[in-house]
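Below is one structure, written out as structure tokens, with a few remarks after it.
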Amino acid sequence: MKPETGLMLTKKPHLLSSKELLFFGLTILLSIALLGCESRLSQLEQIKRGGELRVITHNSATTYYESHDGYAGLEYDMALLFAQRLGIKLHMVIANHFADIIPLIQQGKADFAAAGLAITEQHQKQVLFSSSYQSISPQLVYRAGNTRPQELNRLDGTLEIISNGNYIDRLQHLQQEYINLNWQENSELSSEELLRMVWEEVIDYTVADSNEVAINRRYYPELRVAQEIGAPQYLAWAFAKTDDLSLYNEVQSFFHDIKENGTLEHLIERYYGHVQKFDYVNTRRYLNHIDKRLPKYEAIFKQASLDSAIDWRLLAAMGYQESHWNPNARSPTGVRGIMMLTLNTTRELGLDNRLDPVQSIHGGLRYLEKIRARIPARVNEPDRTWMALTAYNIGYGHLEDARIIALQNGDNPDYWVNIKKSLPLLSQKKWYRQLRHGYARGHEALQYVENIRSYYDILVRKTDEKTATASAL
């Protein structure tokens, strides 16, 4: 029989000896054993071996977003800390819509979800939840100028919510009591976009989580909370239901640790500590001044910040807190100008006219940078900047006293969240009598910093929107 085309036997085939057959068999058995060991690795061990943690989230100011300093958001920061704990890289998987998050987890598209999901009856049927890390309340939101709704079953207009939102269970239960309660679900828009639509009067009402409302009402100051929809809810990370709890147990241990060592409190303060108190009149005035006053000084703020680590918008927010961008401003204590410099500081900086906007803004930045340089290098951002702003307001000595109080109270003095607790104590005799620098109006310094933080957030949002609009033209 002729061989198939392309094949030619040139010599007799080699027959394996008994030793070779034994070796070959052992090799196969070893390979099978190794494959079996690989398949028996726990989920946590497989993730570590793969070197990457995949986490599902969605774009939101409360979860994950890209800022001028890089990626940010409470969920992102916590997920990054967890990945670092495991010694691996973090990969965020972005869901197009909130309603997609749980299905993606169930399909195994990521290791877990860190996306502001609430522990609800319906969600618990679908996924396994970790320990809670934050509580929120669903809130019914409307626009000022329109009639405030008094009862859920007597809404005079359209209620629109995101599909599969944290509060859908609660609304469905309420619907059994209020038969006239109806709503429309939107699977395309985010909760933040629906809040904006209420502000623009495109829709009449929406329901949103209280943390989202707190952040967004600074950008849309006419938003109002009509009422809370029931009791608080608790946010947690979500996992696919499986018999392998290795990753889940490691996350539980992680949350226990960051609660115990103060890291969780520190992170929550970073994103929400300055947004809880809302002043409508002041916010509306600030937005008006951004349009009317800031353009005159914007180039000076930008020029001053060119060679600095300080964002020009933070410097501008600081200038607004000091003087409302009024170059002729004067305080009862004699400080003057946009950055409210004292005579001693003016001389120290080598300035000859603190009423000149250029000198004032450049001088204020130089003075702030000198203070920042004195703060211990181990203090990380943004806490380092918040402490520098505190010292700019009440003096470096009083900041050090506040750090000493934090230490005496068993708190980490390198965390701004702990300095916030200490500052009001500077005006209490029990404390200031034993401090080196004595009495200080620490509560005013605290409000000073929190105002600047809020002004900064608003200005970043406004300038980013302006840039995006210009790019689209």
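Values below: every heavy atom of this structure, side chains too, minus hydrogens, waters and symmetry copies.
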Counting distance only, does the side-chain N/O of [X] pair as donor-acceptor with the main-chain N or O of [Y] below 3.5 Å?
X: Gln150; Y: Arg148; answer: yes
X: Ser253; Y: Asn249; answer: no
X: Asn326; Y: Ser323; answer: no
X: Asp169; Y: Glu121; answer: yes
X: Ser454; Y: Asn451; answer: no
X: Tyr286; Y: His324; answer: no
X: Arg218; Y: Ile215; answer: yes
X: Thr263; Y: Ile258; answer: no
X: Asn418; Y: Asn412; answer: yes

Begin from the C-alpha positions of Thr147 and Tyr142 and carry the test side chain to side chain contact (heavy atoms under 4.5 Å, CB included) through to its verdict. CA-CA 8 Å; Thr147 303; Tyr142 72 107; over 6 Å; no
For the residue pair [X] and [Y], what are the closest heavy atoms and their distance?
X: Leu425; Y: Trp431; value: O-CB, 3.4 Å
X: Arg313; Y: Thr463; value: NH1-OG1, 2.8 Å
X: Thr206; Y: Ile203; value: CB-CD1, 4.5 Å
X: Ala238; Y: Val127; value: CB-CG2, 3.8 Å
X: Pro138; Y: Gln233; value: CG-OE1, 3.4 Å
X: Ile162; Y: Ser190; value: CG2-C, 3.6 Å

Does the side chain of [X] pick up a donor-acceptor pair with the side chain of [Y] at under 3.5 Å?
X: Asn186; Y: Glu160; result: yes
X: Gln43; Y: Ser246; result: no
X: Asp457; Y: Tyr271; result: no

Charged tip of Arg224 within 45° of Tyr280 ring normal and under 6.0 Å: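 Pair Arg224/Tyr280 counts as cation-pi.
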Quick one: does NZ or CZ of Arg85 land under 6.0 Å from the six-membered ring centre of Phe254, within 45 degrees of the ring axis?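 The answer is no, since Arg85 fails at least one limit relative to Phe254.
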Are the side chains of [Y] and [X] in contact, using a 4.5 Å heavy-atom criterion?
X: Leu74; Y: Ile268; answer: yes
X: Asn380; Y: Asp414; answer: no
X: Thr62; Y: Ile136; answer: no
X: Leu267; Y: Leu81; answer: yes
X: Ile405; Y: Leu426; answer: yes
X: Thr57; Y: Tyr76; answer: no
X: Tyr167; Y: Asp209; answer: yes
X: Met92; Y: Val55; answer: yes

List the steps and the verdict of side-chain hydrogen bond (donor to acceptor under 3.5 Å, both in side chains) for Tyr439 and Asp401. CA-CA 10 Å; Tyr439 173 90; Asp401 284 346; over 6 Å; no
Run the salt bridge (charged side-chain N to carboxylate O under 4.0 Å, His left out) test on Glu200 and Arg143 for me, step by step, so that the C-alpha distance in whole Å, both residues' side-chain angles and the decisive distance to 0.1 Å come before the verdict. CA-CA 8 Å; Glu200 293 175 339; Arg143 194 189 196 282; over 6 Å; no
Starting at NE2 of His289, measure out to CG of Leu294 and round the result to the nearest 0.5 Å.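 The distance works out to 11.0 Å.
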Nearest 0.5 Å please: distance from the CD atom of Glu192 over to the CG atom of Asn216.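 Answer rounded to 0.5 Å: 4.5 Å.
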Check whether more than 12 heavy atoms from other residues, nucleotides or ligands sit under 6.0 Å from atom CG of Leu306, and answer yes or no.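 Enclosed.
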One thing to verify: whether [Y] and [X] come together as a salt bridge, which I'm taking to mean a side-chain N less than 4.0 angstrom from a carboxylate O.
X: Lys277; Y: Glu450; value: no
X: Glu369; Y: Arg372; value: no
X: Glu265; Y: Lys421; value: yes
X: Glu228; Y: Arg170; value: no
X: Lys420; Y: Asp411; value: no

Just to verify, which of [options] counts as forming a side-chain contact (heavy atoms from CB on, under 4.5 Å) with [X]?
X: Val207; options: Val213, Ile168, Leu159, Asn166; result: Leu159
X: Pro376; options: Met387, Arg403, Arg384; result: Arg403
X: Leu128; options: Leu245, Ile105, Thr242; result: Leu245

Establish, yes or no, whether a centroid distance under 6.0 Å links the rings of Trp325 and Tyr297.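 No; Tyr297 has its ring centre 6.0 Å or more from that of Trp325.
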Quick one: do Arg270 and Asp77 satisfy side chain to side chain contact (heavy atoms under 4.5 Å, CB included)? Show the steps, please. CA-CA 10 Å; Arg270 176 180 296 181; Asp77 282 357; 3.4 Å; yes
According to the interplanar angle, ranging from 0 to 90°, do the rings of [X] and [Y] count as parallel (below 30°), tilted (30 to 60°) or perpendicular (above 60°)?
X: Phe98; Y: His58; answer: perpendicular
X: Phe82; Y: Trp237; answer: perpendicular
X: Tyr415; Y: His266; answer: parallel

Between Asn182 and Gln175, is a side chain to side chain contact (heavy atoms under 4.5 Å, CB included) present by the stated rule, with each step listed? CA-CA 8 Å; Asn182 293 293; Gln175 197 175 42; 3.6 Å; yes
Show the numbers, then the answer: is there a side chain to side chain contact (heavy atoms under 4.5 Å, CB included) between Tyr205 and Asp156? CA-CA 9 Å; Tyr205 314 104; Asp156 185 21; 4.1 Å; yes
Please walk me through it: do Tyr448 and Glu444 pass side-chain hydrogen bond (donor to acceptor under 3.5 Å, both in side chains)? CA-CA 6 Å; Tyr448 172 88; Glu444 291 185 4; over 6 Å; no
Determine, stepwise, if the pair Trp312 / Glu298 fulfils side-chain hydrogen bond (donor to acceptor under 3.5 Å, both in side chains). CA-CA 8 Å; Trp312 76 265; Glu298 183 173 328; 5.8 Å; no
Mind running side-chain hydrogen bond (donor to acceptor under 3.5 Å, both in side chains) on Gln252 and Ser131 for me, showing each step along the way? CA-CA 6 Å; Gln252 292 292 77; Ser131 299; 3.1 Å; yes
